[in-house]
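In what follows, a structure is listed as structure tokens, so that the remarks can point back to it.
Naming convention: chains lettered A, B, ... in sequence-line order (proteins, then strands); numbering from 1 in each chain.
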Amino acid sequence: MSQQKYYITTPIYYPSGKWHLGTCYTTVICDALARFKRMQGYDVFYLTGTDEHGQKIDDVAKSVGVPVKEYIDKVVKELRELWGLLDISYDKFIRTTDDYHEKAVQKIFEKLYAQGDIYKDEYEGYYCKPCESFWTKSQLVDGKCPDCGREVSLMKEESYFFRLSKYQDRLIKLIEENPEFLQPKSRQNEMLNNFLRPGLQDISVSRTSFDWGVKVPFDPKHVVYVWIDALTNYITALGYGSDDTTLFEKYWPADLHMMGKEIVRFHSIIWPAILMALDIPLPKKVYGHGWLLLSGDKISKSKGNAVDPVILSERYGVDAVRYYLLREIPFGQDGSYSNRAFISRINSDLANDFGNLVSRSTAMCSQYFGGIVPERGEIEEVDKSLIDVCNGAYEKVAKAMDSLLVPEALEEIWKIIIRANKYIDETTPWLLAKDESKRARLQSVIYNLIEAIRMANVLVSPFLTKSYVEVFKKIGVTDEYLEGFGSLEFGTMRSGAKVEKGEALFKRIDIEKDVKELEAIAEKAEAEKNKKAEKKEDEKAENTVTFEEITIDDFAKINLRVGKVASAEKVEKADKLLKLGVDLGEGRIRTVVSGIAKWYAPDEMVGKEIILVANLKPCKLRGIMSEGMILCASDEDGNLAIVSPSKPMKAGSEVR
RNA sequence: CGCGGGAUGGAGCAGUCGGUAGCUCGUCGGGCUCAUAACCCGAAGGUCGUGAGGUUCAAGUCCCACUCCCGCAACCA
């Protein structure tokens, strides 16, 4: 029987900033799946990597003042260290700047061009630089980027297009007829209703506006855009387009592309279309998981309450982080992170249930039998239910894993642990120990306990990559066979192993104390981040001030007026905005929306004199037309004060 | 009428094709003392957001209306 293969991928990550828990979520899930499959005997290939081209990266690197490649190398190194820390067992880490990838991308591009799936045309649109996206005129909101609200600029560029529209019918058929292809199901409807059925447009697959990317071989002023550059990593990593396609032939098609829901569209529409064009088999499954949202515990003062996976791992151990991600987040749906939930999960499942079970069992084995696992004797009625749970677990766990229901898989494993804890109470070994005539029974009980722990631990090993080693050590398992799925038949372990009690597997955490400490850490990090950002801005400002002098004429363009606040109210559904009625002595009250709600209550604004930029182009904020801007001073500590004339002045007085 | 998600015992969630409302944590009571103030048993606690709405023999579950919350502003997985 030839070995079955299993090819699993994470998306390739974009190294523009710091790594966070969400990235870890995707990667840890894939890791657990990959490890589980390996233990099942599959020949697994687990791919992850980084998507390193594009203007944004170029910009970020420039803003830091470092050559792009150098900048990326640093960030990528951090990422690989993070994966090392989290025990991610990837088989390959692809970088889109890798030589073989770039060559293969060029080949693919040429091939598609040669066969007419890529053609050259012209592209006109409004470009938002920070978002790296083009918009049509109708998509703009008040002439600004619909995504971020920032300025856009009209750009016309010549571009190569991929004939996505040509594959529309095949794609619809693919999703309708293969419900397994795109999961969970809610995503199928989303794709069909929002994109496929309304009709696909050809997509632009090259850029001339920046050059940090793979050159189009026959037209080097063009750079290959993300769709073809990034998505193809899944095949180029296997050697597609190179001289050696052994891996590609062995592992393709992918068994699972795992990703967050926001990029499902690219993987379920554009990617299959590219593969169709290349006449390559399609991946078996594309799975869009939910997001990990940050919530609660008061740290979310504003927004930047990043949860740093490194800090958590260092404080509580890698397995704690892995376990939380795998266990707490309902798969396919959004989940939320909170320090409290995290710690509480660790305490109850890892410390109380699992760790303590190991402690009490090994302690008894040491105390009663000098640490040598005793012979197993007659099976009694009580033993049977423990044995049944142990023997039935593998099948249930495997089934859950096949359906990508990782939390459920862990739940099944924990049933063994919970049953074993109960078993101790039922059999009361400490009483048996007092009665010499019950010696044989005591032996059985202790054996059963250690065996149950062994079996649970075998199943736990793809998930808790550090702890399982510890547990095997504690219960004296050294035989590799006893660590594999093949040994999941109760009674497989023989007596005689040397058990050691040792230290607690997972320490209990004081929730109140640690939640406070974590908040403090987060606040400190946040403060530092802000400081840095401001410092950078200051520096920038200092540098640019001298260059960007303005003339008195420029200043004269700005019409500043004293205004009296006639009315003030909060803008609904906006925490920062106040809607003000301002009197400029014009015989009417202007409506001005200002982002000062955090610092000023509506009541205290009424009657205040303020300075207004009176000739600012009106702009819609939260659906309200704002006719002007109030001048405020702000400092690095986040204070904000409205500027007022030092003596009462008539409304409408000019300021200069 | 911007889009999407949600509203179930104190908290976080399950509840598939409509048929006696479950789980984890917490609380309270008990047990036990091998163990990491852990473990085991038991109990309390829900008119399943609102509408004395509709369909039905039967609705948390389907239909309608309404209210409220949350994300879309992020470290974009």
Between B:C75 atom C1' and A:Y14 atom OH, what is the distance in whole Å?
15 Å
So, does A:K422 get its side chain near the phosphate of B:C39, meaning an N or O under 4.0 Å from OP1 or OP2?
no
Side chain of A:Y368 - closest among B:A77, B:A35, B:C34:
B:C34
For B:A38 and A:R508 - does any side-chain N or O of the residue sit under 4.0 Å from the phosphate oxygens OP1/OP2?
yes
Note: A:L505 and A:S467 closest approach over all heavy atoms is CD1-O, 4.4 Å
Would you mind classifying the nucleic acid contact of A:A504 as base, sugar-phosphate or nothing, using non-hydrogen atoms under 4.0 angstrom?
base
Could you verify whether a donor N or O on one side chain and an acceptor N or O on the other, from A:Y13 and A:D51, lie under 3.5 Å apart?
no
Output field: ring centroids A:Y25/A:H289 closer than 6.0 Å:
yes
Atom pairs and distances, side-chain donor-acceptor, residues 350-357 of chain A, under 3.5 Å, sequence neighbours left out:
{"from": "A:N352", "atom 1": "OD1", "to": "A:R508", "atom 2": "NH1", "distance (Å)": "2.6"}

Does the pair A:D255/A:K285 count as a salt bridge with the N-to-O cut at 4.0 Å?
no
For A:P11, report the nucleic acid contact type (base, sugar-phosphate, nothing); a contact means any heavy atom under 4.0 Å.
sugar-phosphate
Name the residue closer to the 5' end of RNA chain B, choosing between A:M364 and A:Y13 according to the nucleotide with the nearest heavy atom.
A:M364
Side chains of A:Y316 and A:D514 only: does a donor on one sit below 3.5 Å from an acceptor on the other?
yes
Which part of the nucleic acid, if any, lies within contact of A:L505, taking any heavy atom under 4.0 Å across all strands shown: a base, the sugar-phosphate backbone alone, or nothing?
base
Among side-chain atoms of A:H267 and A:Y234, is any donor-acceptor pair under 3.5 angstrom?
yes
Centres of the A:W227 and A:F266 rings: under 6.0 Å?
yes
Would you mind telling me which of B:C40, B:A77, B:C39 lies closest to the side-chain atoms of A:R360?
B:C39
So which protein nitrogen or oxygen atoms get under 3.5 Å of nucleotides 30-32 of chain B's nitrogens or oxygens?
{"from": "B:G31", "atom 1": "N2", "to": "A:D425", "atom 2": "OD2", "distance (Å)": "3.0"}

Filter on salt bridge (charged side-chain N to carboxylate O under 4.0 Å, His left out), then keep only pairs touching residues 361-370 of chain A, sequence neighbours left out; what's left?
none
Strictly below 4.0 Å: does A:K474 bring a side-chain N or O up to OP1 or OP2 of B:A35?
no
Hey, which of these two, A:F354 or A:I263, hits RNA chain B nearer its 5' end, going by closest nucleotide?
A:F354
Using 4.0 Å as the upper bound for N to carboxylate O, is an ion pair formed by A:K438 and A:D435?
yes
Could you summarise the pairing of RNA chain B as dot-bracket text, marking Watson-Crick and G-U pairs under 3.5 Å with ( ) or [ ] inside the strand and | across strands?
.((((((..((((.....[..)))).(((((.......))))).....(((.((..]....))))))))))).....
Which pairs count as side chain to side chain donor-acceptor pair (under 3.5 Å) when at least one residue sits in residues 413-433 of chain A, sequence neighbours excluded?
A:R360-A:N421, A:D383-A:Y423, A:S385-A:R419, A:E412-A:K415, A:R419-A:E426, A:Y423-A:N448
Nucleotide N/O of nucleotides 22-26 of chain B paired with protein N/O under 3.5 Å:
none

Would you call A:E500 and A:K474 a salt bridge, using N to O less than 4.0 angstrom?
no
When all nucleic acid strands are considered with a 4.0 Å heavy-atom cut-off, which category describes A:K434: base, sugar-phosphate, or nothing?
nothing
Report which part of the nucleic acid A:F506 touches: base, sugar-phosphate, or nothing (heavy-atom distance under 4.0 Å, all strands).
base
Gap between atoms CG and C1', on A:D31 and B:A77 respectively (whole Å):
16 Å
Starting at atom NE2 of A:H267, determine the distance to atom C1' of B:A77, rounded to an integer number of angstrom.
11 Å
Nearest-neighbour nucleotide for the A:N421 side chain, B:C34, B:C40, B:A77 considered:
B:C40
